[in-house]
There are 2 protein chains.
Amino acid sequence: MGLAERKEREKNELRELILMKAREIIIREGQNKLSIRKIAAEIEYSPATIYLYFQDKDEILYQMMQKGFELMATSMEDIYHESSPTKRIFLIGKAYIRFGVENQDWYELMFNAVSPMNHIERCKSEWGPGIAIFEYLVSTCSEAISENKLTTLDARILALQLWSTVHGLVCLANTLRLTIVDANCEQGKECDLLDKTLENSMLSLFNYIV
Amino acid sequence: MGLAERKEREKNELRELILMKAREIIIREGQNKLSIRKIAAEIEYSPATIYLYFQDKDEILYQMMQKGFELMATSMEDIYHESSPTKRIFLIGKAYIRFGVENQDWYELMFNAVSPMNHIERCKSEWGPGIAIFEYLVSTCSEAISENKLTTLDARILALQLWSTVHGLVCLANTLRLTIVDANCEQGKECDLLDKTLENSMLSLFNYIV
DNA sequence: AAAAATAATAAACAGTGTTTATTTTGTCAA
DNA sequence: TTGACAAAATAAACACTGTTTATTATTTTT
């Protein structure tokens, strides 16, 4: 008697519909324009209904964050083909920055927003995809370190250095701080400064061996 | 006839009172709890009155940002005594991170918030104190480069590398991303990872000469 | 003292997230 | 098929938010 299953399926379908619409709104109007009431209006349910499927707005944002990680993962797929770990790190950095400036709302959600993290407090150690990306970077750093015989370097610290650099760059760019420091670097468009700084960071981090 | 002056003074006094209360609220309850109505209640005026002294909330946030820069500047005062530019850069980095994690709300306003920047759009090139700090870093980098005879380095790029790294670290720490990646690094308290990464960055950025 | 200018406000508008009590809908046994 | 029960959906309210407008109170000037 597939009744319970059907019920379950229907519940999941509405859950997915809510997330889908939320995604559409974020893409169309930006993250800060997303509201429970707007989702409700678009799926033609009352706002209260959404609370039968999600604990609160934070949980929706948390789910959106997960979707963002999926997006990022697919945008980085072709990098894995690169065999040289050093070059791979460079490509990861470039792709990371690219994703960050081209998907500002997702990026904000994934790496800057605190409200979806409030939700994590409850279901501890659930920032899975985020950790996965970082751990991938760590192991790539390990490979690169042994390839370049830079035994003095700690892979974890190196990974964090890289992450901080690109994260810092993306944040500064997205919040218009680079525009101010360097007028040539306008929001949205490809910015030399970003690439140049990343390149320099790579060079110095690998002790000018690259 | 000091009437116009008195009027002007009174107007400025209320302006300052508004900013003072806003500051108190931010310190007491955090930036996202700051509201026009709360300020109004605390200064015992109606919310509408505030709009006679400030265009909108963004302008208040912008003014708060300026206060934040003053705060940061005073917290960095003793660094100027250091004569070695290389050491000075390191001290700036440490002080920057320290300020960032200890004054999260100010930091958010100064280096991450977009809404006060909306206000900048109107009164272009007004992120003065922010630029000042960056330019100070650039010139310190220049000194350090010539001191260490690293003529291949561009002072501006180097400054941006440094800024990105510390900014990235502060952001990751403040938004709980470091907590997740490294369980030993809890919010608020001094975190080894921050210092270690900064140290490593300094080492690599200066080509292991330091 | 009357007129003009300035300052302050009450009330409304259009939003926000969330909760509670109520109503509608669907399921299942008698 | 009908009545009982459970599940799903909602209307309405609560407590907020930023901002505007028309009105009232105060102060200055004539």
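Please read these numbers as outputs of a predicted model, since none were measured by experiment. Computed from heavy atoms alone, side chains included, the values below leave out hydrogens, waters and symmetry copies.
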Rounded to the nearest angstrom, tell me the gap between atom [atom1] in [X] and atom [atom2] in [N].
X	N	atom1	atom2	answer
A:Lys33	C:dG17	NZ	P	12 Å
A:Ile50	C:dT20	CD1	C1'	17 Å
A:Glu10	D:dA6	CD	P	20 Å
B:Tyr53	D:dG18	OH	C1'	19 Å
B:Asn32	D:dG18	CG	C1'	16 Å
A:Asp56	C:dT19	CG	P	8 Å
B:Leu52	D:dT21	CG	C1'	12 Å
B:Tyr45	C:dT9	OH	C1'	12 Å

Query raised in the report: What does A:Ser35 touch in the nucleic acid at a heavy-atom separation under 4.0 angstrom: a base, only the sugar-phosphate, or nothing?
Result: sugar-phosphate
Query raised in the report: Contact class for A:Phe54 vs. all strands (heavy atom < 4.0 Å): base, sugar-phosphate, or nothing?
Result: nothing
Requested in this report: Look at B:Ser46 and C:dT9 and indicate whether a side-chain polar atom (N or O) is within less than 4.0 Å of OP1 or OP2.
Outcome: yes
Counting heavy atoms from C-beta on, name the nucleotide in [options] closest to the side chain of [X].
X	options	result
A:Ala48	C:dT20, D:dA9, C:dA8	C:dT20
A:Tyr51	D:dT20, C:dT18, D:dA9	C:dT18
A:Lys11	D:dA8, C:dG17, C:dT9	D:dA8

When the aromatic ring centroids of [X] and [Y] are compared, is their separation below 6.0 Å?
X	Y	result
B:Tyr45	B:Tyr53	no
A:Tyr96	A:Tyr107	yes
A:Phe69	A:Phe111	yes

Query raised in the report: Of B:Ile36 and A:Leu14, whose closest DNA chain D nucleotide lies nearer the 5' terminus?
Result: A:Leu14
Query raised in the report: Do the charged groups of B:Arg9 and B:Glu16 touch, with an N to O distance under 4.0 Å?
Result: no
Query raised in the report: Is the shortest distance from a Lys or Arg side-chain nitrogen in A:Lys38 or A:Glu24 to a carboxylate oxygen in the other one below 4.0 Å?
Result: no
**Report entry** Presence of donor-acceptor pair under 3.5 Å, side chain of A:Arg37 and base of C:dG15
**Finding:** no
